[in-house]
Engineer: 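Before we start, here is the structure in question, set down as C-alpha cells.
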Amino acid sequence: MIKLNNKGFFLVETIAIVSIVAIVLVSLYSQISILYSNYIRNANYNTVESIHAVRNVKKYIEQNYTATLVSDLAASASPLLDIKSYAFDATGYYAALIADSNIKSIYFSAYDINALLTNYASYNINASFLDYLKTLKVSDSKADTYRIIIILNNGNYSNIYLSVADLT
Amino acid sequence: MNKKGFSTVELLVSFVIISFIAIAMFNTIFDLLDKVEYYQSLSKITILNGNVINSVQKDMKQKKYYGSTSCGLNCYDITYQDLSVKRLKTDLIANTVQYGGITERLPSNNVLNGNLVFTTQSFIADAGNNNTILKFYIPIYNEMMDVNNDITIVHQYDSNDLGGLPAF
C-alpha cells in the first residue's frame, strides 16, 4: 500500500501567504515613502539662513515702508503682494540686501492666508510654494498683523509676522 | 525510498528566484546607503551652519557691531561696541570654521572651497535708519552630492550709531 506524505503546503496556500505579505510590504513602503518625502520637503522650511534673511527684510521694511505695503495690499486684487522689485529706495539698499541674502522672491500678505489657499490657482503659485503656504494655514485672524514670506535661491522658505501695532 | 529533501530542479529554481530578488535589492540598498550618508552629512552641516550664523547674528544684535580688522588670510577680528573682540576664521587646510573660542571641523564630504569673504556696502539713508549692509560669506562644497552648503551672514546697521565710541 502506498503511504502518501501529506506534509507541506498546497500551492494555493503558498500563493495566498505570498500575496498577503506582498500587500503588507507595499503598504509599509508607501507609508515610509510619504514620511521620507515629507522630511525632505520640510527640511527646506524655516532654516536658520532663511529665518535670518526674512528677519533682515522685516527690519528694513519696518523702518519706513510698512504703511506703504499695507495700503498697497489693501488695494491689490491679489492677497499676495510680490515686493521683490519694489522701488522702496533709490539708493539700491533694498536690492543689495536681497542680493546679499540670496533671496529669490519676497511676498507680503495678511496674517490669514486661507483665502489664498482656497483660490491658489488664480494667483500663479507653483506646487512647491503652495505646499509651504499650506503649513501657514491659521484658524484665527489678526487684523493688524501681516506676513513677509521669502524664498531663497537654494529653495528654502521662511516667513515672519509684521505687526503694525508693534510699530506705534 | 527516502523522499525527504528537494530535487535538483526545485533547488535551481529557488536559487534563480532568490538571485533575481537579490540583484533587484542591491541597487536599492546601495542607493539607500548613499542617501543615508548624504542626509546624515547634510544634517551635520546644517547644524554647523546654524551654529555659526546664530552665534554671529546674536552678537551683532546684542553687542552691536563696531568694526572689523583682518588678521590674515580668511581671518577677521570682529569688534563689538562693548569692545569685545571675536575672531571669525576659516582654515582651508584643516577644514575648520572658528568663531570666538569655538572651532568646528566640517563634516566629512564637506570642504571649504574658497576664501572667507567680508564685504560692507554703505548707502545714503535717513538719520537713525540702517545705512550699511555687512556680509560674511564662507563657501562650503559637498563633494559627494555636488551641492553648495555655504554660510552667508548678512547684518544691517547704522554706521553713525557707534554707541558713543570714536570712529573705528
Side-chain angles (χ1 to χ4, degrees), chain A residues 2-8 11 14 18 21-22 25 29 32-33 35-37 39-66 88-103 150 152-156 158, chain B residues 1-6 10 17 21 25 28 32 35-36 38-39 42-43 45-58 60-61 117-138 140 142 147-158:
Chain A
I2 297 169
K3 197 170 177 184
L4 288 173
N5 181 357
N6 284 326
K7 294 180 187 171
L11 184 60
T14 311
V18 168
V21 169
L25 285 176
Y29 177 78
I32 289 171
S33 286
L35 275 174
Y36 177 74
S37 56
Y39 163 73
I40 300 304
R41 193 185 61 202
N42 291 339
N44 285 329
Y45 295 172
N46 303 319
T47 58
V48 171
E49 186 184 357
S50 61
I51 287 172
H52 283 290
V54 77
R55 194 179 289 171
N56 269 325
V57 171
K58 177 186 173 182
K59 200 170 161 184
Y60 172 78
I61 290 172
E62 273 179 338
Q63 284 182 151
N64 278 327
Y65 308 110
T66 307
F88 287 119
D89 60 74
T91 63
Y93 185 104
Y94 184 56
L97 183 63
I98 290 172
D100 279 350
S101 302
N102 297 319
I103 295 175
I150 65 162
L152 297 187
N153 287 328
N154 61 9
N156 289 353
S158 189
Chain B
M1 199 171 150
N2 184 356
K3 292 201 174 175
K4 293 178 185 170
F6 298 99
E10 286 172 334
I17 291 171
I21 294 171
M25 285 182 67
T28 309
L32 272 175
K35 278 194 175 145
V36 163
Y38 168 65
Y39 284 110
L42 179 65
S43 68
I45 192 71
T46 303
I47 289 169
L48 186 146
N49 287 5
N51 284 342
V52 173
I53 294 172
N54 277 338
S55 298
V56 177
Q57 292 280 20
K58 181 183 166 192
M60 293 278 180
K61 189 177 172 187
V117 175
F118 167 61
T119 58
T120 54
Q121 297 180 79
S122 296
F123 300 84
I124 298 170
D126 296 336
N129 284 350
N130 295 325
N131 61 1
T132 309
I133 301 173
L134 170 161
K135 176 178 172 181
F136 283 104
Y137 172 70
I138 302 173
I140 297 173
N142 185 302
V147 295
N148 291 320
N149 294 317
D150 307 328
I151 295 176
T152 305
I153 300 164
V154 175
H155 177 69
Q156 304 172 77
Y157 65 99
D158 179 2

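Lettering of chains follows the sequences in order, A, B, ..., and the numbering in each one begins at 1.
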Engineer: Please state whether the rings of A:Phe88 and A:Tyr60 are parallel, tilted or perpendicular, taking 30° and 60° as the class boundaries.
Structural biologist: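 The rings of A:Phe88 and A:Tyr60 stand perpendicular, inter-plane angle above 60°.
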Engineer: Who among B:Asn129, B:Thr152, B:Thr119 has the most heavy-atom pairs with chain A under 4.5 Å?
Structural biologist: B:Asn129
Engineer: Specify which of A:Asp89, A:Asn56, A:Leu97, A:Asn102 makes the most heavy-atom pairs with chain B at under 4.5 Å.
Structural biologist: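 Of A:Asp89, A:Asn56, A:Leu97, A:Asn102, A:Asn56 has the most heavy-atom pairs under 4.5 Å with chain B.
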Engineer: What part of B:Gln156 is in contact with chain A, defined as an atom under 4.5 angstrom from a non-hydrogen atom: side chain, backbone, both or neither?
Structural biologist: both
Engineer: I need the single residue from B:Thr120, B:Val117, B:Val154 that forms a side-chain contact (heavy atoms from CB on, under 4.5 Å) with B:Lys135. Which is it?
Structural biologist: B:Val154
Engineer: Hey, what do you get for CG (B:Asn142) to CG (B:Asn149), rounding to the nearest 0.5 Å?
Structural biologist: 5.5 Å
Engineer: Determine, step by step, whether A:Thr91 and B:Asn131 satisfy the side chain to side chain contact (heavy atoms under 4.5 Å, CB included) criterion, reporting the C-alpha distance in whole Å, the side-chain angles of both residues, the deciding distance to 0.1 Å, and the verdict.
Structural biologist: CA-CA 10 Å; A:Thr91 63; B:Asn131 61 1; over 6 Å; no
Engineer: What parts of residues 45-54 of chain A touch chain B if we use heavy atoms and a cut-off under 4.5 Å?
Structural biologist: A:Val48, A:Glu49, A:His52
Engineer: In Å, rounded to the nearest 0.5 Å, how long is the span from CG of B:Leu134 to OG of B:Ser122?
Structural biologist: 10.0 Å
Engineer: Using 0.5 Å steps for rounding, measure from the OH atom of B:Tyr157 to the NZ atom of A:Lys59.
Structural biologist: 11.0 Å
Engineer: What part of A:Asn64 gets closer than 4.5 Å to chain B, counting heavy atoms only: side chain, backbone, both or neither?
Structural biologist: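 Side chain only.
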Engineer: Go through B:Thr132, B:Asn148, B:Asp150 and name the one with the most non-hydrogen pairs under 4.5 angstrom from chain A.
Structural biologist: B:Thr132
Engineer: Quick one: closest heavy-atom pair of A:Ala96 and B:Phe123, and the distance?
Structural biologist: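 Where A:Ala96 meets B:Phe123 most closely, the heavy atoms are CB-CZ, 3.5 Å.
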Engineer: Identify which part of A:Asn154 has an atom lying under 4.5 Å from any heavy atom of chain B, answering side chain, backbone, both or neither.
Structural biologist: neither
Engineer: Nearest 0.5 angstrom please: B:Ile153 CD1 to B:Asn49 CG, how far?
Structural biologist: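 B:Ile153 atom CD1 to B:Asn49 atom CG measures 9.0 Å (nearest 0.5 Å).
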Engineer: Output the option from B:Asn130, B:Ile124, B:Ile53 having the highest count of non-hydrogen pairs under 4.5 Å with chain A.
Structural biologist: B:Asn130
